[in-house]
S.K.: 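Sharing a structure below in structure tokens format, with a few things to ask.
A quick note: this is a predicted structure, and the numbers were derived from the prediction, not measured. Note that these values count all heavy atoms, side chains included, but never hydrogens, waters or copies made by symmetry. Here is the naming used below: chain letters follow the sequence lines, and residue numbers restart at 1 for every chain.
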Protein chains: 2
Amino acid sequence: MDITRKEGEYLALVYRKQIENGERITTTGLARSLNVTPATVTESFQKLAAKDLIEYRPYHGIKLTKTGNTEAEKLLRRHRLLETLFVKMLKLTPKAACNEAARMDYYCSDELANHICGTYYHPIRCPCDKQIFGERSCIGCAQEGGS
Amino acid sequence: MDITRKEGEYLALVYRKQIENGERITTTGLARSLNVTPATVTESFQKLAAKDLIEYRPYHGIKLTKTGNTEAEKLLRRHRLLETLFVKMLKLTPKAACNEAARMDYYCSDELANHICGTYYHPIRCPCDKQIFGERSCIGCAQEGGS
DNA sequence: AAAAAAGTTAGGGTTAACCAAATATCTTTT
DNA sequence: AAAAGATATTTGGTTAACCCTAACTTTTTT
């Protein structure tokens, strides 16, 4: 079963908040970030859990599973590599690059991402200085296995 | 009213067949190209016509309207500029670049396209030698006003 | 003018995202 | 510890984008 675009957005957002920023994930908090009602977030949690991307204990929050973690990192990797390309090659501002990347990252293949990665010598930080994860399939990449 | 992704695909395909290749557009022919039933194509024609993107005479075929033409060219422009970027900068093969671009073009903004366009000195042909249309909003672009 | 081919309509189906209102479960606060 | 308040979930929808089959209509061919 594969991940829809929205599900990807949830995954990436949860990863950034929970793993990268150490914030606590709440239904209402996410709802506010995504401009939807809490009911919608709950529904998403259920779908994500059904696909084994998060561990979901109703009323007690969520945690990314190993798969969820990996998928979030893949998505963020693609996002941040696109940003890198847009800033370095095309001279977009980091903010504009982020907006473009946000619309395109879900549709960007790992192959394309790997090409960007190789072109820029496997960068470790994106233009906004966030981490770009290694990827097994990318020849020359750091490969820091994940969790 | 805006154009959905599929509608964009129809528009671009119709443009390529009808305008660029001089082929006659038939419901069944499009259905085969897109791997759907003729009924689905008819439905799309009705939607496209409702949005004034094509002129549709039932049983007698379709023609892009001025708006439809413009939109198709915008889409193809983005597609072909993405291809250009992927081939020139990232060394994808033209075929791979086309596949990537096909997934991303709908989500690529005109601003990003303009940046690519400027970076490559407003190219007139994509890697597969098809035309890249001028765009008013792109400073330095040829600006051949369309139809 | 039939038969064949092409196109359309009618009537559905699925899936993804949303929402409001009612309900359930924490968590505070008194 | 009970009530109040905050948070989260369930229930029962809606809408939009695609897609389909089967029946029917129109055009084209023979």
S.K.: Indicate whether the side chain of Thr37(B) and that of Thr40(B) have a donor and an acceptor atom separated by less than 3.5 Å.
M.R.: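 Thr40(B) and Thr37(B) do have a side-chain donor-acceptor pair below 3.5 Å.
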S.K.: What are the residues of residues 52-65 of chain A, sorted by number, that bring a heavy atom to within less than 4.0 Å of DNA chain C?
M.R.: Tyr59(A), His60(A)
S.K.: Residues from residues 15-25 of chain A sitting under 4.0 Å of DNA chain D, heavy atoms only?
M.R.: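 The stretch gives none, as no residue of it lies under 4.0 Å from the strand.
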S.K.: Please check if the side chain of Gln18(B) supplies one atom and the backbone of Ile62(B) the other of a donor-acceptor pair under 3.5 Å.
M.R.: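 Yes.
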S.K.: Can you give me the N/O atom pairs linking the protein to nucleotides 17-22 of chain D at distances under 3.5 Å, or say none if there are none?
M.R.:
unit_1  : atom_1 : unit_2   : atom_2 : d
dC18(D) : OP1    : Lys6(B)  : N      : 3.3
dC18(D) : OP2    : Thr4(B)  : OG1    : 2.5
dC19(D) : N4     : Glu43(B) : OE1    : 2.9
dC19(D) : N4     : Glu43(B) : OE2    : 3.2
dC20(D) : OP2    : Thr37(B) : N      : 2.9
dC20(D) : OP2    : Thr37(B) : OG1    : 3.1
dC20(D) : OP2    : Thr40(B) : OG1    : 2.8

S.K.: Going hydrophobic residue to hydrophobic residue with side-chain gaps under 4.5 angstrom, can you get from Met104(A) over to Leu75(A)?
M.R.: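 No, no single cluster joins them.
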S.K.: What I'd like to find out is whether the side chain of Glu135(A) reaches to under 4.5 Å of the side chain of Lys74(A), using heavy atoms alone.
M.R.: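 With C-beta onward as the side chain, the pair touches.
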S.K.: Which nucleotide of DNA chain C is the first, and which the last, in the 5' to 3' direction, to come under 4.0 Å of a heavy atom belonging to chain A?
M.R.: dA17(C) to dC26(C)
S.K.: According to ring pair (Phe, Tyr, Trp, His ring centres under 6.0 Å), does anything in residues 41-86 of chain A pair up with another residue at least two apart or in another chain? List the pairs.
M.R.: Phe45(A)-Tyr56(A)
S.K.: Return yes if a side-chain donor-acceptor contact under 3.5 Å exists between Tyr15(A) and Glu73(A), otherwise no.
M.R.: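 Yes, side-chain donor-acceptor contact under 3.5 Å.
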S.K.: Cut-off 3.5 Å, side chains only: do Ser109(B) and Glu100(A) have a donor facing an acceptor?
M.R.: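 There is such a pair between these side chains.
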S.K.: Can you list everything that forms a ring-ring contact (aromatic ring centres under 6.0 Å, His included) with Tyr106(B)? Sequence neighbours excluded, please.
M.R.: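 For Tyr106(B) there are no ring-ring contact (aromatic ring centres under 6.0 Å, His included) partners, ignoring immediate neighbours.
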S.K.: If we count only N and O atoms by modelled type, under 3.5 Å, do the side chains of Thr67(A) and Lys51(A) hold a donor and an acceptor together?
M.R.: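 No.
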S.K.: Counting C-beta onward and ignoring hydrogens, is there a side-chain heavy-atom pair between Arg16(A) and Leu76(A) closer than 4.5 Å?
M.R.: yes
S.K.: Give a yes-or-no answer on whether the side chains of Thr119(B) and Lys88(B) include a donor-acceptor pair shorter than 3.5 Å.
M.R.: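 Side chains of Thr119(B) and Lys88(B): no pair found under 3.5 Å.
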S.K.: For residues Ser137(B) and Asn114(B), is any side-chain donor paired with an opposing acceptor at under 3.5 Å?
M.R.: yes
S.K.: Between Thr27(A) and dT9(D), is there a side-chain N or O to OP1/OP2 distance below 4.0 Å?
M.R.: yes
